[in-house]
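Reading through the structure tokens given below for one structure.
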Amino acid sequence: MKLIIQIPCYNEAKTLEIALNALPRQIEGIDAIEYLIINDGSDDDTVEVARRWGVNYVVNFRKNRGLAKGFMAGLDACLRNGADIIVNTDADNQYEGADIEKLVRPILEKKTDIVIGERPIDEIEDFSPLKKKLQHFGSWVVRKASRSDIPDAPSGFRAYSREAAMRLNVTNEYTYTLETIVQAGRTKIAMDSVPVRTNKETRPSKLMKSMTGYIKKSILTIGHVFMLYKPLQFFAAIGSVIFFAGVAVGVRFLYYYFHGAGGGHIQSLILAAILLLLGFQTVIVGLLADVIASNRKILEDVQYHVRKMDYDGVRLSEKNGEDSQ
């Protein structure tokens with residue numbers, strides 16, 4: 001049983017060694033623990049620090065491609081190098097490395113395939129009251145979209161079984177945290193959460209450069225997730241609002257019309273017609289998007305089987321090579 005711990009990095013030379021030193025060297029039930037960093041276009045000594053420390057694998061991007069791309073590239077490298085369990089953590093030592101054992105234990109016991117570390121959000125002093133509320137709100141939205149009970153959806157401290165990792169896809173370029181939970185929930189991948197500890201902030205968040213930017217990107221991400229995984233409900237909700245606004249304007253016109261003043265409210269009639277048509281078309285878009293989403297599920301299943309043949313073929317070749325030596 002091999003565990004690979006992956007760490008996405010972007011100019012993390014100052015904190016990476018601290019995070020690496022906190023990682024476990026052995027866990028009961030795990031035969032081998034290896035370490036991988038994703039160098040997301042760093043222009044400092046991140047890679048040198050990692051190699052000097054002794055990480056087993058380095059995935060290099062020449063240009064910064066974002067957390068989501070780095071996460072998926074890390075999963076690909078972990079799977080190709082024979083990982084049975086993959087743990088994702090941060091390079092700023094936000095999470096307590098010793099809690100990795102808590103994350104992998106439910107997977108080792110075959111109780112679940114994905115484990116999310118639940119931070120004590122209300123107790124984190126580095127989080128402002130507004131950020132705490134946004135974290136709770138984002139988690140609530142994701143729970144509704146994924147039909148799961150994960151209490152801390154934005155947490156990046158998580159573990160994946162090999163099977164779960166092969167089924168994941170991320171289309172959002174900002175972050176992988178919300179979308180992967182929704183996808184897992186919609187495809188019935190078993191998920192669980194465990195309470196984890198956090199450390200004092202060592203640097204400002206690179207995802208949240210400002211509260212305004214964080215709110216904007218969070219809203220866009222949540223909207224994207226809903227549109228991608230619940231398209232009919234998403235477009236039907238918008239279309240219904242527009243349609244009933246048109247009904248309200250139409251009723252207003254009829255009121256004036258039957259009271260002999262319809263001639264002065266032709267604009268209301270035109271607006272009502274436009275809103276009714278637009279609302280109806282939006283619902284139709286939702287139906288078409290739902291059909292496309294069904295096709296995407298088929299493609300994801302095909303992709304999973306292709307990945308399984310690819311990754312398991314690599315692992316089998318390596319094993320045969322070792323046996324022949």
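Here the side chain of Lys111 pairs no donor or acceptor atom with the backbone of Pro106 at under 3.5 angstrom. Judged by distance alone, with hydrogens and angles left aside, the side-chain atoms of Asp90 form no donor-acceptor pair with the main-chain N or O of Asp92 at under 3.5 Å. Formation of a donor-acceptor pair under 3.5 Å by the Asp99 side chain with backbone atoms of Val196 is not found in this model. When atom types are taken as modelled, the side chain of Gln6 and the backbone of Tyr35 share no donor-acceptor pair closer than 3.5 angstrom. The closest donor-acceptor contact from the side chain of Asn64 to the backbone of Gly41 lies at 3.5 Å or more, if one exists at all. Panel note: side chain Ser139, backbone Pro151; a donor-acceptor pair is recorded below 3.5 Å. Asn56 places no side-chain N or O within donor-acceptor distance of the main-chain N or O of Glu34, the cut-off being under 3.5 Å. Side chain of Thr282 to main chain of Gly239: no donor-acceptor pair is present (N/O by atom type, distance under 3.5 Å, no hydrogens or angles). At least one donor-acceptor pair under 3.5 Å links the side chain of Asn21 to the backbone N or O of Glu17. Remark: the backbone N or O of Gly117 is paired with a side-chain donor or acceptor of Ser155 at under 3.5 angstrom.
For the pair Glu48 and Arg52, the salt-bridge criterion is not met [side-chain N within less than 4.0 Å of a carboxylate O]. No salt bridge links Asp113 with Arg167; every basic N to acidic carboxylate O contact stays at or beyond 4.0 Å. Salt-bridge check for Asp301 with Lys297: failed, with every basic side-chain N at 4.0 Å or more from each acidic carboxylate O. Ion pairing of Arg119 with Asp152 is present here, as a side-chain N (NZ or NE/NH1/NH2) and a carboxylate O approach within less than 4.0 Å.
You'll find the side chain of Asn93 stays beyond 4.5 Å of the side chain of Lys200, heavy atoms only. You'll find the side chain of Val59 stays beyond 4.5 Å of the side chain of Asn39, heavy atoms only. Two residues are said to be in side-chain contact when any heavy atoms from C-beta on lie closer than 4.5 Å; Arg162 and Leu79 meet this criterion. Side-chain contact between Phe253 and Val249: absent, with no pair of heavy atoms (C-beta onward) separated by less than 4.5 Å. Looking only at side-chain heavy atoms (C-beta outward), Asn199 and Glu96 come within less than 4.5 Å of each other. Between Ile27 and Arg105, some side-chain heavy-atom pair lies under the 4.5 Å cut-off. Considering only heavy atoms from C-beta on, Val142 stays 4.5 Å or farther from Ile150 through its side chain. Annotation: side chain of Glu179 is not in contact with side chain of Val182 (no heavy-atom distance under 4.5 Å).
The two residues Pro24 and Ile100 make their nearest non-hydrogen contact at CD-CD1, 3.7 Å. The two residues Ala50 and Leu16 have their closest heavy-atom pair at CB-CD2, 3.9 Å. Scanning both residues, Thr46 and Cys9, for their nearest heavy atoms gives CG2-CB, 3.7 Å. Counting all heavy atoms, side chain and backbone alike, Ser268 lies closest to Arg252 at OG-NH1, 2.7 Å. Heavy atoms only, all atoms of each residue included: Glu300 and Thr187 are closest at OE1-CG2, 4.4 Å. Here the shortest heavy-atom pairing between Ser42 and Asn11 reads OG-N, 2.8 Å.
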Next item on the list: Could you please spell out the steps behind the side-chain contact (heavy atoms from CB on, under 4.5 Å) verdict for Glu12 and Ile37?
Entry: CA-CA 11 Å; Glu12 304 287 3; Ile37 71 160; over 6 Å; no
Note to self: Run Ile266 and Ile270 through side-chain contact (heavy atoms from CB on, under 4.5 Å) and show every step you take.
What the structure shows: CA-CA 6 Å; Ile266 296 299; Ile270 296 172; 4.0 Å; yes
Margin query: Between Asn169 and Gln303, is the side chain to side chain donor-acceptor pair (under 3.5 Å) condition met? List the steps.
Written below: CA-CA 10 Å; Asn169 292 287; Gln303 183 185 56; 3.0 Å; yes
Next item on the list: Apply side-chain contact (heavy atoms from CB on, under 4.5 Å) to Thr180 and Tyr160, showing your working.
Entry: CA-CA 11 Å; Thr180 50; Tyr160 298 91; 3.9 Å; yes
Checklist line | Derivation of the side-chain contact (heavy atoms from CB on, under 4.5 Å) call for Met191 and Ile181 | finding: CA-CA 8 Å; Met191 287 186 291; Ile181 292 176; 4.0 Å; yes
Check: Does the pair Tyr176 and Asn88 meet the rule for a side chain to side chain donor-acceptor pair (under 3.5 Å), with working shown?
Finding: CA-CA 11 Å; Tyr176 61 90; Asn88 187 87; 2.7 Å; yes
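With rounding to the nearest 0.5 angstrom, the CE atom of Met72 is 6.0 Å from the CG atom of Leu168. Distance check, rounded to the nearest 0.5 Å: CD1 of Ile38 to CG of Asp40 gives 8.5 Å. How far OG1 of Thr112 is from CG of Asp192: 5.5 Å, rounded to the nearest 0.5 Å. Annotation: the span from Asp43 atom CG to Lys63 atom NZ amounts to 13.0 Å, rounded to 0.5 Å. Remark: Tyr10 OH to Phe61 CZ distance equals 13.5 Å, nearest 0.5 Å. Rounding to the nearest 0.5 Å places CG of Leu275 at 7.5 Å from CD1 of Ile242.
Hydrophobic clustering (ILVMFWY, side-chain heavy atoms < 4.5 Å, transitive): Val87 and Val58 are in one cluster. Residue Val47 is not grouped with residue Tyr57 when hydrophobic side chains (ILVMFWY) are merged at heavy-atom distances under 4.5 angstrom, including chains of intermediate members. In terms of hydrophobic clustering, with Ile, Leu, Val, Met, Phe, Trp and Tyr side chains grouped at heavy-atom distances under 4.5 Å, Tyr95 and Ile4 are assigned to different clusters. In the hydrophobic clustering of this structure, Val104 does not group with Ile114; members are Ile, Leu, Val, Met, Phe, Trp, Tyr whose side-chain heavy atoms approach within less than 4.5 Å, directly or through other members. Cluster membership check: Ile86 does not share its hydrophobic cluster with Leu103, using side-chain heavy-atom separations under 4.5 Å among Ile, Leu, Val, Met, Phe, Trp and Tyr.
With hydrogens and angles left out, the side-chain atoms of Thr89 and Arg158 include no donor and acceptor closer than 3.5 Å. At a cut-off of 3.5 Å, with distance as the only test, no side-chain donor of Ser148 or Arg143 sits close to an acceptor on the other residue.
For the pair Arg307 and Tyr304, the cation does not sit on the ring face, since its NZ or CZ is not both under 6.0 Å from the ring centre and inside 45° of the axis.
Within 6.0 Å of NZ on Lys14 lie no more than 12 heavy atoms contributed by other residues, nucleotides or ligands. In this structure, Lys133 places its NZ atom where only 12 or fewer heavy-atom neighbours from other residues, nucleotides or ligands lie under 6.0 Å away. In the displayed structure, Glu109 atom CD is contacted under 6.0 Å by more than 12 heavy atoms of other residues, nucleotides or ligands.
For the side chain to side chain contact (heavy atoms under 4.5 Å, CB included) criterion with Val55, the lone passing option out of Leu20, Val49, Leu36 is Leu20.
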